[in-house]
There are 2 protein chains.
Amino acid sequence: MIKTRPFSSMATTTRSPSHAQDHILAERKRREKLSQRFIALSSIVPGLKKMDKASVLGDAIKYVKHLQEKIKQLEEQTKKRTVESVVLVKRYHLPAADDDDDHSNSSSNDDAELPEIEARASERDVMIRIHCEKQPGVLAKVLSEVESLRLSIVNSSVLPFGNSTLDITIVAQMDGEFSMKVIELVKNLRLAFLKFM
Amino acid sequence: MIKTRPFSSMATTTRSPSHAQDHILAERKRREKLSQRFIALSSIVPGLKKMDKASVLGDAIKYVKHLQEKIKQLEEQTKKRTVESVVLVKRYHLPAADDDDDHSNSSSNDDAELPEIEARASERDVMIRIHCEKQPGVLAKVLSEVESLRLSIVNSSVLPFGNSTLDITIVAQMDGEFSMKVIELVKNLRLAFLKFM
DNA sequence: CTTGACACGTGACGC
DNA sequence: TGCGTCACGTGTCAA
């Protein structure tokens with residue numbers, strides 16, 4: 001087997017007599033490693049029809065992109081879900097765009113797990129319901145917050161729901177002639193949660 | 001860069017010279033395609049230090065596994081965080097769903113005192129909240145109705161609110177693989193209430 | 001007979 | 001100097 005001379009004219013690349021075999025062996029090992037990785041790659045990429053290297057690479061590329069896109073979607077989705085429940089909450093209290101709040105609005109939401117807060121009032125009674133993530137200290141925090149609003153607590157109930165959720169229901173009464181719009185109440189509770197979390 | 005005359009003294013496989021060039025060219029194209037895919041692959045795999053083929057393949061493999069694992073986690077998480085919720089308030093119209101309901105709609109409603117029913121589901125847990133008029137026997141009625149839906153009650157709470165209102169919160173669990181869309185649950189409870197009141 | 005894919009040996013380049 | 005990596009041309013096998 002005689003190869004035609006590549007025109008480099010650099011005929012003087014010393015070839016080691018014994019080490020030439022090393023070279024061959026090393027190259028063989030390298031190829032072996034590559035082939036192994038190709039097999040490994042093709043084994044974790046689902047649904048490939050053609051098993052040739054180009055197709056494996058191509059399908060792997062598509063697959064990676066697909067996975068990345070899916071992860072992106074899932075992460076957005078999880079965030080959206082909490083946002084939706086927040087929106088539900090905001091329906092009750094959204095006029096928050098008032099002047100008493102922080103003006104640094106817009107990007108103010110790092111809302112990892114904002115709770116859903118609902119409040120209603122009947123005569124002197126106020127009912128507060130909070131659907132939130134299970135956290136140590138939430139109940140105490142909420143109760144003290146409620147009391148700080150000059151509301152005397154009549155009853156409270158905490159129900160675990162699912163693995164990581166709490167449903168807190170509180171009934172309180174307003175003192176004397178002091179009264180508070182429920183929307184203000186929800187706003188205050190929400191601010192307390194923002195500080196707390 | 002054309003090789004002139006490789007004289008074929010090889011006894012085994014002799015190729016026509018023009019066709020040999022085709023072979024070379026084709027192989028070149030194939031290699032080019034492979035290299036291109038390698039580059040493409042390495043461009044979408046983040047944070048790879050070594051750019052040699054074996055490392056690209058190896059890191060791509062690790063990366064794919066990492067993505068798969070992450071997707072698995074995210075999907076589990078979203079499943080946990082998925083909370084279906086339906087609220088039925090008087091005057092609010094249910095998405096009507098199927099035909100199993102009474103068609104005698106229209107002005108048949110003396111619904112002045114229909115309760116507000118809300119249900120949400122997370123995994124096996126179901127939370128039911130009913131805001132209704134204070135009546136003797138409501139709780140028992142509601143609980144038996146819930147149990148008749150193959151739900152085992154985990155916790156229940158009844159809070160008086162105002163003079164004539166009750167806020168009932170129930171947490172129950174669905175049996176085994178039996179599951180029910182929350183909207184069906186709300187519909188059933190609503191029907192029970194309609195019969196009861 | 002053509003086409004495409006593969007592994008091999010080999011020269012070259014960079015550290 | 002050697003060691004690792006690469007691209008190339010080539011022979012071979014299968015569709």
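Keep in mind it's a predicted model, so treat the numbers as computed, not measured. Just so we're on the same page: letters track the sequence lines, and every chain starts at 1.
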Closest contact, heavy atoms only, B:A54 versus A:R37: O-NH1, 2.7 Å
B:E75 and A:K70 ion-paired at < 4.0 Å: yes
Whichever of B:E27 and A:D22 has its nearest DNA chain D nucleotide further upstream toward 5': A:D22
Given D:dG9, C:dG9, D:dT5, the nucleotide with the shortest approach to the side chain of A:I24: C:dG9
Rounded distance in Å - CZ (A:R31) to P (D:dC8): 15 Å
Whole-Å gap separating P (C:dT3) and NZ (B:K29): 10 Å
Atom-pair distance (NZ on B:K50; P on D:dC6), nearest Å: 11 Å
Nearest-neighbour nucleotide for the B:R28 side chain, C:dG9, D:dC8, D:dA7 considered: D:dC8
Nearest-nucleotide comparison on DNA chain D, the residue closer to the 5′ end among A:H23 and B:E32: A:H23
Stepwise side-chain hydrogen bond (donor to acceptor under 3.5 Å, both in side chains) check, A:Y63 with B:Q68: CA-CA 10 Å; A:Y63 183 56; B:Q68 290 171 334; 2.8 Å; yes
Verdict with reasoning, A:R28 to A:I24, per side chain to side chain contact (heavy atoms under 4.5 Å, CB included): CA-CA 6 Å; A:R28 242 179 241 177; A:I24 295 180; 3.8 Å; yes
Heavy-atom check, side chain of A:I44 versus side chain of B:K65, under 4.5 Å: yes
Contact nearer the 5' end of DNA chain C, comparing B:A26 with A:S35: B:A26
Shortest side-chain distance from B:K53, nucleotide among C:dG9, D:dC6, D:dG2: D:dC6
Protein-nucleotide distance (A:H19, atom NE2; D:dT1, atom P), rounded to Å: 9 Å
Euclidean distance, atom CE of residue A:M51 to atom C1' of D:dA15 [Å, nearest integer]: 17 Å
Integer-rounded Å distance: D:dG2 P and A:Q21 CD: 16 Å
Nearest-neighbour nucleotide for the A:R30 side chain, D:dA7, D:dC6, C:dG9 considered: D:dC6
Whole-Å distance separating the CG atom of A:L34 from the C1' atom of D:dG4: 12 Å
Euclidean distance, atom CZ of residue A:R37 to atom C1' of D:dT5 [Å, nearest integer]: 14 Å
